[in-house]
K.L.:
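Here it is: the structure, laid out below.
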Amino acid sequence: MPVTHTSRHSTPATNDIGQGLGLRPEYYHEILTTLPDIDWFEAISENYMGPGLSDAGGLSAGGKPLHFLERIREHYPIALHGVSLSIGGSNALDTRYLRELRALCDHIEPLWVSDHLCWTRTGAHQFHDLLPLPYTEATITHLAERIDQVQNALGRQLLLENVSSYLTWQPDEMSEWEFLAEVSQRADCLILLDLNNIIVSSSNHGFDPLTYLDAMPSERVWQHHLAGHTQQSVSGGELCIDTHDQPVPDAVWQLYDAARERFGEVATMIERDDNFPPWAELMDEYAELRRRSGRPLGDTTNNGFSTDSRMAGGLHT
């Protein structure tokens with residue numbers, strides 16, 4: 001059953017839009033030439049943003065990547081996923097970044113916009129990594145103010161994703177799952193629950209992934225990520241590394257099955273960020289996602305949503 005949620009910000013119409021894939025340049029050709037049976041794609045926001053996008057007629061700022069995004073958007077719904085908002089950082093929010101993101105949203109009308117519950121820079125230094133936050137009341141207050149600024153700037157609710165971690169902060173006052181649940185409630189935002197990241201962090205910190213799922217407010221869980229990871233020997237022990245460069249492992253599939261029991265049908269997609277397999281292999285993995293979701297490839301049932309409703313809107317020039 002689709003989840004509904006009331007907010008003073010514009011809320012995505014539904015979180016029951018099927019199963020998707022991460023949109024990567026390595027697969028543009030296959031997508032556009034075969035138009036595969038995929039419900040939607042998630043695109044990395046920063047790959048398509050540019051200052052000229054908000055200028056009158058200035059749609060060349062995103063260059064060739066934006067051209068491909070526009071063509072794919074003609075056939076599929078698109079969600080936008082950012083990696084550099086630094087919502088938990090101490091720097092002032094980047095207003096230019098928010099203007100460019102808003103212009104991209106106005107242009108392609110995404111299903112929703114997401115980023116990560118983390119910090120990525122301090123001062124002028126950009127770490128190009130998703131760094132975990134201390135789980136404290138002070139951090140929640142800081143986040144709530146900044147998330148409100150972002151949601152006002154974008155004119156819509158933001159989805160925030162849990163990140164993987166390898167260390168904890170000494171000042172932590174609560175668990176990661178308590179922190180994420182409280183941030184979503186206090187800031188009135190939605191949750192992108194990355195199931196691979198839960199598995200990675202549970203392996204590194206020794207908690208039960210099901211405890212994490214049970215703590216989530218179901219009305220705010222709007223999307224799932226599935227991905228792969230690797231194990232690395234460190235100081236005589238094993239560390240689980242969030243690489244997103246491997247097939248979805250059994251532990252993540254099993255957590256996905258548990259998440260479906262806990263939250264029902266939630267938009268879910270497979271992320272692959274490196275070590276890209278041939279398109280046919282990726283489609284085999286997508287077929288497994290569809291099978292586990294009760295909608296095998298080739299099934300003519302629509303699971304309660306229609307192509308027309310998913311494609312509502314379109315490009316604005």
Side-chain angles (χ1 to χ4, degrees), residues 3 5-12 15 45 80-99 101-102 105 112-194 197-198 201-202 204-205 207 211-223 225 242 263:
V3 172
H5 173 73
T6 301
S7 170
R8 65 188 181 88
H9 302 286
S10 175
T11 303
N15 63 347
S45 306
L80 291 177
H81 186 54
V83 295
S84 57
L85 179 61
S86 196
I87 193 67
S90 57
N91 288 34
L93 289 164
D94 187 338
T95 56
R96 175 178 173 177
Y97 175 92
L98 292 175
R99 285 196 305 271
L101 180 56
R102 175 66 182 260
C105 291
W112 49 71
V113 179
S114 63
D115 208 290
H116 299 81
L117 189 60
C118 70
W119 59 288
T120 64
R121 65 180 179 270
T122 180
H125 183 72
Q126 173 63 255
F127 289 97
H128 299 290
D129 207 345
L130 307 172
L131 303 170
L133 295 159
Y135 305 139
T136 66
E137 279 290 332
T139 307
I140 293 172
T141 299
H142 176 68
L143 284 164
E145 294 173 353
R146 288 166 69 88
I147 292 167
D148 189 58
Q149 291 179 54
V150 172
Q151 292 185 146
N152 287 331
L154 299 181
R156 64 181 68 223
Q157 270 187 304
L158 181 68
L159 279 66
L160 285 174
E161 175 187 343
N162 57 297
V163 298
S164 56
S165 64
Y166 313 97
L167 301 170
T168 58
W169 293 87
Q170 284 189 340
D172 283 352
E173 299 168 355
M174 63 193 79
S175 66
E176 179 184 337
W177 47 92
E178 291 170 325
F179 178 77
L180 175 57
E182 185 62 23
V183 167
S184 72
Q185 302 282 12
R186 195 93 59 92
D188 190 24
C189 63
L190 300 172
I191 295 172
L192 193 172
L193 201 57
D194 189 308
N197 289 351
I198 293 176
S201 295
S202 69
N204 294 331
H205 302 304
F207 63 78
T211 300
Y212 202 121
L213 294 190
D214 288 343
M216 292 298 100
S218 58
E219 73 279 5
R220 293 188 181 273
V221 176
W222 222 254
Q223 183 187 344
H225 274 175
D242 172 26
F263 305 113

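Heavy-atom basis, side chains included; hydrogens, waters and symmetry copies ignored.
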K.L.:
Do E137 and R186 sit within salt-bridge range, that is, some charged N less than 4.0 Å from a carboxylate O?
P.N.:
yes

K.L.:
When you measure from the side chain of H81 to the backbone N and O of H116, does any donor-acceptor pair fall under 3.5 Å?
P.N.:
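Flag not set: sc H81 to bb H116 has no pair under 3.5 Å.
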
K.L.:
Any heavy-atom pair between the side chains of V221 and L192 that's under 4.5 Å?
P.N.:
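No, too far: nothing below the 4.5 Å cut-off.
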
K.L.:
Check for a donor-acceptor pair, side chain of T139 on one end and backbone N or O of P134 on the other, with a separation under 3.5 Å.
P.N.:
yes

K.L.:
Could you go step by step and tell me if L213 and L193 meet the side-chain contact (heavy atoms from CB on, under 4.5 Å) rule?
P.N.:
CA-CA 9 Å; L213 294 190; L193 201 57; 3.7 Å; yes

K.L.:
For S184, is there any backbone N or O sitting under 3.5 Å from a side-chain donor or acceptor partner on R220?
P.N.:
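Yes.
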
K.L.:
Is any side-chain heavy atom of W222 closer than 4.5 Å to a side-chain heavy atom of Q157?
P.N.:
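A side-chain contact is absent here, since even the closest heavy-atom pair is not under 4.5 Å.
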
K.L.:
Under 3.5 Å, is there a donor-acceptor pair linking the side chains of Q151 and R156?
P.N.:
no

K.L.:
For Y212 and E176, does a side-chain donor sit closer than 3.5 Å to a side-chain acceptor?
P.N.:
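A donor-acceptor contact under 3.5 Å links the two side chains.
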
K.L.:
Which atom names give the shortest non-hydrogen contact between G82 and D115, and what distance separates them?
P.N.:
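Taking G82 first and D115 second, the nearest heavy atoms are C-OD2, 3.0 Å.
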
K.L.:
Report the C-alpha separation of M216 and F263 in whole Å, then their side-chain angles, then the decisive distance to 0.1 Å, and conclude whether the side-chain contact (heavy atoms from CB on, under 4.5 Å) test is met.
P.N.:
CA-CA 9 Å; M216 292 298 100; F263 305 113; 3.7 Å; yes

K.L.:
Just so I know, are the side chains of C118 and I87 near enough to count as touching, which here means a heavy-atom distance under 4.5 Å?
P.N.:
no

K.L.:
With side chains defined as the heavy atoms from C-beta onward, is the minimum distance between V113 and L154 less than 4.5 Å?
P.N.:
yes

K.L.:
How close do C105 and L80 get, heavy atom to heavy atom, and via which atoms?
P.N.:
SG-CD1, 3.9 Å

K.L.:
Are the side chains of I191 and L180 in contact, using a 4.5 Å heavy-atom criterion?
P.N.:
yes

K.L.:
Can you tell me how far CD of Q149 sits from CG of L98, rounded to the nearest 0.5 angstrom?
P.N.:
8.5 Å

K.L.:
Could you check if a side-chain atom of L190 sits within less than 4.5 angstrom of a side-chain atom of N15, using non-hydrogen atoms only?
P.N.:
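With C-beta onward as the side chain, the pair stays apart.
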
K.L.:
Can you name the closest pair of heavy atoms from L143 and F179 and give their distance?
P.N.:
CD1-CZ, 3.5 Å

K.L.:
Under a 3.5 Å threshold, yes or no: a donor from one side chain and an acceptor from the other, between Q223 and W112?
P.N.:
yes

K.L.:
Is it true that a side-chain atom of D172 and a backbone atom of M174 form a donor plus acceptor pair closer than 3.5 Å?
P.N.:
no

K.L.:
Could you tell me whether the side chain of E178 and the main chain of S175 form a donor-acceptor pair under 3.5 Å?
P.N.:
yes

K.L.:
Hey, is the main chain of Y97 close enough, under 3.5 Å, to the side chain of R102 for a donor-acceptor pair?
P.N.:
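A pair under 3.5 Å: no.
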
K.L.:
How long is the span from the CG atom in L160 to the SG atom in C189, to the nearest 0.5 Å?
P.N.:
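Taking CG in L160 and SG in C189, the distance rounds to 4.5 Å.
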
K.L.:
Starting from the C-alpha separation in whole Å, work towards a yes-or-no answer on side-chain contact (heavy atoms from CB on, under 4.5 Å) for L93 and R146.
P.N.:
CA-CA 8 Å; L93 289 164; R146 288 166 69 88; 3.5 Å; yes

K.L.:
Is D194 reaching over with its side chain to a backbone N or O of N162, donor-acceptor style, under 3.5 angstrom?
P.N.:
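A pair under 3.5 Å: no.
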
K.L.:
Which pair of non-hydrogen atoms, one from S164 and one from S201, has the smallest distance, and what is that distance?
P.N.:
CA-OG, 3.4 Å

K.L.:
So L117 and V183, do their side chains get closer than 4.5 Å, heavy atoms only?
P.N.:
yes

K.L.:
Output the distance between atom CD1 (I140) and atom CD (Q185), rounded to the nearest 0.5 Å.
P.N.:
11.0 Å

K.L.:
Looking at every non-hydrogen atom in both residues, tell me the closest pair between A187 and A144 and how far apart they are.
P.N.:
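Looking at all heavy atoms of both residues, the shortest contact is CB-CA, 3.9 Å.
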
